Number of protein chains: 2
Amino acid sequence: MTQRAAHVPALAEAFREHGFAGASVATLCAATGLGKGSLYNFFPGGKEEMAAAVLADLDAWFTACVFEPLRAARAGDPAAVGAMFDAVTAYFRSGRRVCLQGAFALGRERDLFAATIDGYFERWIASLAAALRAAGHGEQAARLAAVEAVAAVQGAIVLSRALADPEVFLQVIERSRARLSAPLA
Amino acid sequence: MTQRAAHVPALAEAFREHGFAGASVATLCAATGLGKGSLYNFFPGGKEEMAAAVLADLDAWFTACVFEPLRAARAGDPAAVGAMFDAVTAYFRSGRRVCLQGAFALGRERDLFAATIDGYFERWIASLAAALRAAGHGEQAARLAAVEAVAAVQGAIVLSRALADPEVFLQVIERSRARLSAPLA
DNA sequence: GTCTATACAGTGATAGAC
DNA sequence: GTCTATCACTGTATAGAC
């Protein structure tokens with residue numbers, strides 16, 4: 001079981017690079033260094049089970065490293081939101097790395113993993129909104145600002161990859177960060 | 001030649017739904033109602049040429065309906081920016097429709113169509129920045145605001161599809177619209 | 001558990017009848 | 001120009017030797 005988990009990061013990178021439809025089993029074998037037999041031994045459900053394992057892994061990482069710190073934000077302390085921007089900037093490598101949930105959302109893969117993808121973004125928004133409320137924003141304002149900020153991160157990834165310019169990612173993130181740290185109206 | 005162009009919108013819709021790697025020639029035949037022979041007669045280069053034709057078609061549409069109106073914005077007239085938001089909201093069907101250039105940017109297709117994708121977003125940003133300058137923004141401020149706004153549109157598409165909620169698209173767009181129409185600091 | 005061998009459906013693409 | 005038939009190949013998935 002822990003053997004299986006050890007190969008999940010390599011699968012994640014392969015899916016990020018090639019997409020779900022574009023990643024063949026041969027690709028995934030090369031990425032993990034395993035033969036087809038071994039891969040199917042760990043993931044009898046094939047590609048779909050591999051992608052599900054990857055999404056679960058990403059979910060766990062974001063929950064521990066992004067969502068829970070946001071939830072833990074104490075009243076009047078705005079540092080948690082800034083820490084989130086630092087974490088996603090590092091994680092997405094300034095836009096060089098793709099958000100798999102976001103990429104899947106744009107394609108047919110969305111139907112396969114609808115609940116997982118929906119839950120990921122919903123919890124991201126909800127935890128960010130909680131941190132914003134702790135920082136003094138009202139209920140509805142916090143939710144809307146959180147939606148906008150998560151969209152900004154996703155858009156920053158798309159745009160910086162399209163222009164092949166990590167600087168664009170940083171620009172968008174910094175604007176979003178400044179906006180959420182700005183004094184309340 | 002006009003025969004060929006007539007089938008491009010159907011190909012566009014197929015690529016939007018299935019992605020580039022996910023759209024098989026059989027899929028594209030079904031979408032256009034043509035046999036393989038006919039498709040290859042129009043597009044000897046296969047899928048790649050079909051996608052290139054689709055991107056060129058989208059490029060022409062955006063140039064005529066979005067980029068040029070932005071360029072035509074006269075000094076002191078902020079209506080052009082608002083018209084852009086209306087146009088993209090209609091075009092992307094409140095996030096139900098995907099931006100093909102954005103979706104391609106996230107995957108390996110980016111390498112195949114790098115110049116086209118880069119040019120599309122670069123001209124979107126540049127024309128929006130021109131309209132913002134016409135509305136009174138400074139050079140650098142206009143560029144940064146344009147980058148942020150285009151990213152917001154892309155992020156809105158990703159997020160609204162992920163949550164299967166067109167309302168999210170509208171929320172993000174309205175925030176972006178309000179921000180760009182706000183009085184200058 | 002790991003690999004090799006294999007099954008067989010589906011792929012992109014071409015040739016040729018009409 | 002359009003289709004059908006067919007090509008060689010790659011796809012996912014399984015079976016079985018080790």
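Being a predicted model, the structure only gives us computed values, none of them experimental. Note on naming: letters A, B, ... go to the chains in the order of the sequence lines (proteins, then strands), and numbering restarts at 1 for each one.
Applying the ring-ring contact (aromatic ring centres under 6.0 Å, His included) test to every pair with at least one member in residues 70-91 of chain A, sequence neighbours left out, gives these pairs: A:Trp61-A:Tyr91, A:Phe62-A:Tyr91. Listed by first and then second residue, the salt bridge (Lys or Arg N to Asp or Glu O under 4.0 Å) pairs that reach into residues 125-141 of chain A come to none, sequence neighbours excluded.
Taking B:Thr27 as the reference, B:Ser24 meet the side-chain hydrogen bond (donor to acceptor under 3.5 Å, both in side chains) condition, with sequence neighbours excluded. Scanning for side-chain hydrogen bond (donor to acceptor under 3.5 Å, both in side chains) contacts around B:Glu122 gives B:Arg143, with sequence neighbours left out. Residues meeting the salt bridge (Lys or Arg N to Asp or Glu O under 4.0 Å) test with A:Asp59, sequence neighbours left out: A:Arg123. Every side-chain hydrogen bond (donor to acceptor under 3.5 Å, both in side chains) that B:Glu148 has, sequence neighbours left out, goes to A:Arg175, A:Arg179. Residues passing the salt bridge (Lys or Arg N to Asp or Glu O under 4.0 Å) test with B:Asp86 are B:Arg177, sequence neighbours excluded. Listed by chain and number, the residues in a salt bridge (Lys or Arg N to Asp or Glu O under 4.0 Å) with A:Glu68 amount to none (sequence neighbours excluded).
Annotation: proximity of residues 30-38 of chain B to DNA chain D (heavy atom, distance under 4.0 Å) is found for B:Leu34, B:Gly35, B:Gly37, B:Ser38, numbered in ascending order. Residues from residues 45-53 of chain B placing a heavy atom under 4.0 Å of any atom in DNA chain C, listed by number, are B:Gly46, B:Lys47.
In this structure, CG of B:Leu28 is placed 11 Å from P of C:dA13, rounded to the nearest angstrom.
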Using atom types as modelled, flag every donor-acceptor pair under 3.5 Å from a side chain in residues 36-49 of chain B to any protein atom, sequence neighbours excluded.
{"residue": "B:Lys47", "atom": "NZ", "partner": "B:Phe20", "partner atom": "O", "Å": "2.9"}
{"residue": "B:Lys47", "atom": "NZ", "partner": "B:Ala23", "partner atom": "O", "Å": "3.0"}
{"residue": "B:Glu49", "atom": "OE1", "partner": "B:Gly45", "partner atom": "N", "Å": "2.6"}
{"residue": "B:Glu49", "atom": "OE2", "partner": "B:Arg4", "partner atom": "NH1", "Å": "3.0"}

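Between the CD atom of B:Gln101 and the CG atom of A:Leu159 there is a distance of 12.0 Å, given to the nearest 0.5 Å.
Of all nucleotides in DNA chain D having an atom under 4.0 Å from a heavy atom of chain A, the first and last in 5' to 3' order are D:dG11 to D:dT14.
Nucleic acid contact for B:Ala21: none, since no nucleic acid atom lies under 4.0 Å from a heavy atom of the residue.
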